[in-house]
Amino acid sequence: MTDRIVSAEVLVGSPTRNYVTLRITTADGIVGLGDATVNGRELSVASYLRDHIAPLLIDTDPSRIEDTWQYLYRGAYWRRGPITMAAIGAVDMALWDILGKRAGLPVYQLLGGRVRDAVPYYSHAFGWDIPALLESVAEHRERGETYIRVQSGVPGLDKVYGVSKDPNYEPAGRGARPSEEHFEPGLYMRNLPKVLGAVRDMVGPDIHLLHDAHHRLTPTQAARLAKSVEEFDLFWLEDVTPAEDQEALRLVRNASVTPLAIGEVFNTIWDCQYLIENRLIDYIRTAIVHAGGISHSRKIYALAEAHGVKAGPHGPSDVSPIALAASIHLAASTHNWGVQEYMGYSELVHEVFPHAWSASDGTLQPGDAPGLGVELNEELLLQHPYEPAYLPTARRFDGSVLDW
Ligand code: EZ4
Ligand code: CO
């Protein structure tokens, strides 16, 4: 008996921050949810889904997940890129959700079942100076977390990526224009070894420390940085150069054995292929939502598995609890998994998207609800309408634009 899709609705709301959610309903009354949020470009994905994809889905068979993916990807002609891939990603997640609900099974069971008892996550510790950072790290340790990202202020810079005055760091700021901040590579590069040294001294050798350089260094700066922090035994150094020039990572690789992670802004297996096949990275960071959903992400991880590379997906607050659920279900059933980023959500976001997944003692569990196990409280979502919000932009002290 074949079911068919009867509606595909796009809901945009801003509970604390903006989210784009796709809701697909079938003739049998099964509802699947997908996340399509692209931070700072939310309305373009909403339009892509509403104007160009939703009409194509009506009357199609929701169980043809792979065929739908191929149709939306290859059928578009103008393809790839974050907007297209997040839109396809949302459809893919919603269809896996529907399949799970139809089967009465959590999605991780459909993907081959558990390969691990719990999914380790890393969270974000930060502080403007070393004492404040050490305090933040201690709080994360008290929660039982053993993978901790550490970001600190930089003397001479008044705003720094990953550090905020609020207890919860949220890089996107509401308003019609992005805020601006200044960055100077020298100040940052000279400061980081001191910071990581202090944290390593405090936590000892067993805690996994991570750091995000956020795409700002030249290849030689990146190589120097990776070498200068080698003794602190990072679990990974992330986005040490901008992602477009992939050959840049070869210099970094040759200069040090600091493990490298990259890819949160990648959208397809072809964005990842060169780095994986040339073994220039240790962890691939594509988020399930921004890389075409569960179906396409699995292919990326399979390519990675063959080359000794592990998955370490992006999981900031702009990846909604639906896409995070998809990531946890994949993590539970994918062998070459490193760690899942988990930035956490405000109470309001947990209420808008009630979920079966859970986080405790530094690990995530997918839960056993059928499908992805996330619901949508539409009324509460729509009480918080979309508000323009943007990630900051960065300039050097001379005023020239730099990657943020
Ligand atoms: O800057 O989610 O590793 N995490 C990150 C994030 C990203 C934002 C972009 O939307 O780099 O903080
Ligand atoms: Co990052």
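Remember, it's 1-based here, ligands and their atoms both numbered in the order they're listed. Here the structure is a predicted model, which is why all the values come from computation and not from measurement.
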Quick one: side chains of residues 290-297, donor-acceptor pairs under 3.5 Å with protein atoms, not counting sequence neighbours, listed by atom name and distance.
residue, atom, partner, partner atom, Å
His290, NE2, Thr37, O, 2.8
Ser295, OG, Asp92, OD1, 2.5
Ser295, OG, Asp92, OD2, 3.3
Ser295, OG, Trp96, NE1, 3.0
His296, NE2, Ile269, N, 2.9
Ser297, OG, Gly293, O, 2.7

Fill in: Worked check of ring pair (Phe, Tyr, Trp, His ring centres under 6.0 Å) between Trp337 and Tyr283
CA-CA 9 Å; Trp337 201 276; Tyr283 299 92; over 10 Å; no
Practice prompt. Evaluate the ring pair (Phe, Tyr, Trp, His ring centres under 6.0 Å) criterion for residues Tyr188 and Phe183: first the C-alpha distance (whole Å), next the side-chain angles of each, then the deciding distance (0.1 Å), finally the verdict.
Written response: CA-CA 8 Å; Tyr188 164 73; Phe183 183 82; 5.5 Å; yes
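With respect to Glu181 and Lys159, no salt bridge is recorded, no charged nitrogen being found less than 4.0 Å from a carboxylate O. Electrostatic pairing of Arg190 and Glu184 does not count as a salt bridge here, judged by no charged N lying under 4.0 Å from a carboxylate O.
Aromatic ring centres of Phe235 and Tyr147: separated by under 6.0 Å.
Among pairs with a residue in residues 356-369, those fulfilling side chain to side chain donor-acceptor pair (under 3.5 Å) read Tyr108-Asp368, Arg114-Gln365, at least two apart in sequence or across chains.
For the Co ion (ligand 2), the count of nearby protein N/O/S atoms, taking only those under 2.8 Å, is 3.
Contact residues for ligand 1 (protein heavy atom closer than 4.0 angstrom to any ligand atom): Asn39, Arg149, Tyr161, Asp212, His214, Glu238, Glu264, Arg285, His314, Pro316, Asp318, Glu341, Leu391, Trp404.
Tested against Glu145, the residues Tyr122, Tyr121, Tyr342 include a single side-chain hydrogen bond (donor to acceptor under 3.5 Å, both in side chains) partner, Tyr121.
Geometrically, Arg17 engages Tyr19 in a cation-pi contact, judged by NZ or CZ lying under 6.0 Å from the ring centre and within 45° of the ring axis.
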